[in-house]
Amino acid sequence: EVQLVESGGGLVQAGGSLTLSCAASGFRFDDYAIGWFRQAPGKEREGLSSISTVDGNTYYADSVKGRFTISSDNAKNTVYLQMSSLTPEDTAVYYCGADRQPVDLKLIVDRIAYHYDYWGHGTQVTVSS
C-alpha cells in the first residue's frame, strides 16, 4: 500500500521554527520526486518546495526561499521541510506529494494544484502572532 505520512506540525509562535517530515512507503522512494505544498482556509493551494531523490536538486517558491529548507534521507524514505522565521501567514495544512521522476521540480511547485501521483493527508501548522 502506498503511503505518504506527514508529521511534525503544531502550534508555534511567530518567528519560530518547525521541521516537518514526510515518510514514504509502498513505492520505490528514489524513483519519485517529493514536493511540499500547503492549503490555508479560503486560499488557493500553494506549492512550496520540491526535491529530487536521485540527485538532491531542489526548488523553492519565492514565498519560502531563504526560510524553508527541503532535504531527503533516502535511507529512511523520508523528506523533511525545515521551516524558520514563521509568520501567521504560514498557517495552513501542509502536505507532501510524490511524482515519478524525471519531473520538472519547478513545475511541481509553481503549477497551481499540481497533480501528484501520490499525496498524504497533511499536518496542521499554526503560527500565532
Side-chain angles (χ1 to χ4, degrees):
E1 179 189 5
V2 171
Q3 278 194 313
L4 287 172
V5 180
E6 302 92 340
S7 62
L11 175 63
V12 63
Q13 287 190 329
S17 301
L18 276 177
T19 296
L20 306 183
S21 299
C22 171
S25 61
F27 60 93
R28 184 169 169 151
F29 187 71
D30 56 7
D31 279 347
Y32 286 78
I34 304 294
W36 283 96
F37 57 98
R38 66 188 178 189
Q39 181 88 58
K43 292 187 178 180
E44 208 165 54
R45 196 179 100 177
E46 181 185 12
L48 303 173
S49 182
S50 57
I51 187 167
S52 166
T53 57
V54 173
D55 55 22
N57 284 342
T58 60
Y59 179 81
Y60 296 92
D62 288 342
S63 60
V64 304
K65 199 174 295 182
R67 298 192 301 127
F68 290 10
T69 301
I70 192 170
S71 60
S72 176
D73 185 340
N74 286 22
K76 295 183 178 180
N77 287 2
T78 300
V79 169
Y80 304 95
L81 187 68
Q82 296 173 273
M83 309 185 296
S84 63
S85 302
L86 289 165
T87 74
E89 287 67 41
D90 293 313
T91 295
V93 179
Y94 284 67
Y95 302 84
C96 61
D99 213 45
R100 192 172 182 90
Q101 296 173 129
V103 66
D104 186 330
L105 295 180
K106 182 178 186 296
L107 187 67
I108 285 178
V109 172
D110 290 347
R111 175 170 286 179
I112 295 173
Y114 182 86
H115 181 76
Y116 288 89
D117 291 333
Y118 310 115
W119 57 93
H121 293 292
T123 185
Q124 175 71 47
V125 172
T126 302
V127 184
S128 63
S129 56

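Quick caveat, the model's predicted, so the values are computed rather than measured.
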Nearest 0.5 Å, please: how far is OG1 in Thr78 from CG in Leu20?
12.5 Å
Are there more than 12 heavy atoms of other residues, nucleotides or ligands under 6.0 Å from atom CZ of Arg45?
yes
If you measure from CG on Asp99 to OH on Tyr114, what distance do you get to the nearest 0.5 Å?
3.5 Å
Looking only at non-hydrogen atoms, find the nearest pair between Ser63 and Arg38 and report the distance.
OG-NH2, 4.4 Å
Note, Val2 side chain near Asp117 side chain (heavy atom, < 4.5 Å)
no
Counting only heavy atoms not in Lys65, do more than 12 fall under 6.0 Å of its NZ?
yes
For Asp55 and Asn57 the tightest heavy-atom approach is OD1-N, 2.9 Å
Any Lys/Arg nitrogen of Arg67 or Asp90 sitting under 4.0 Å from an Asp/Glu carboxylate oxygen of the other?
yes
Would you compute the distance between atom CG of Leu86 and atom OG1 of Thr126 and round it to the nearest 0.5 angstrom?
11.0 Å
Tell me if a side-chain donor or acceptor on Glu6 pairs with a main-chain N or O of His121 at a distance below 3.5 Å.
yes
Hey, are the side chains of Thr123 and Ser7 touching, using non-hydrogen atoms and a 4.5 Å cut-off?
no
Within the 4.5 Å heavy-atom criterion, are Cys22 and Ile34 side-chain neighbours or not?
yes
For a quick test of reading the model, state the closest non-hydrogen atom pair linking Ala33 to Leu105 and the distance between them.
CB-CD2, 4.0 Å
Spell out, as yes or no, whether a donor-acceptor pair under 3.5 Å connects the side chain of Gln101 to the backbone of Asp30.
yes
Minimal heavy-atom distance between Pro88 and Ser129, with the atoms involved, is CG-CB, 3.9 Å
Residues that Ser71 engages under side chain to side chain donor-acceptor pair (under 3.5 Å), provided they are two or more places apart:
none
Tell me whether Ile108 shares a hydrophobic cluster with Val93, the cluster being built from Ile, Leu, Val, Met, Phe, Trp, Tyr side chains joined at under 4.5 Å.
yes
Value rounded to 0.5 Å, distance of OH in Tyr94 from CG in Leu81
8.0 Å
Can you name the closest pair of heavy atoms from Leu4 and Ala24 and give their distance?
CD2-CB, 3.5 Å
Pairwise side-chain contact, Tyr60 with Ile70, heavy-atom cut-off 4.5 Å (strictly under)
yes
Say you draw a straight line from CZ of Phe37 to OG of Ser49; how long is it, rounded to the nearest 0.5 Å?
13.0 Å
Should Tyr118 and Phe27 count as side-chain neighbours, where that means a heavy-atom distance under 4.5 Å?
yes
Within-4.5 Å side-chain heavy-atom neighbours: Tyr116 and Tyr95
no
Do Val64 and Met83 have side chains that get closer than 4.5 Å, going by heavy atoms?
no
Do Asp104 and Tyr59 touch side chain to side chain, with heavy atoms closer than 4.5 Å?
no
Pairwise distance CZ(Phe68) to OG(Ser84) - rounded to 0.5 angstrom
7.5 Å
Going only through I, L, V, M, F, W and Y residues with side-chain contacts under 4.5 Å, is there a path from Trp36 to Val109?
no
Does Leu11 share a hydrophobic cluster with Val125, counting links as ILVMFWY side-chain heavy atoms below 4.5 Å and allowing steps through other members?
no
Are Trp119 and Phe29 connected in a single hydrophobic cluster, I mean Ile/Leu/Val/Met/Phe/Trp/Tyr linked by side-chain heavy atoms less than 4.5 Å apart?
no
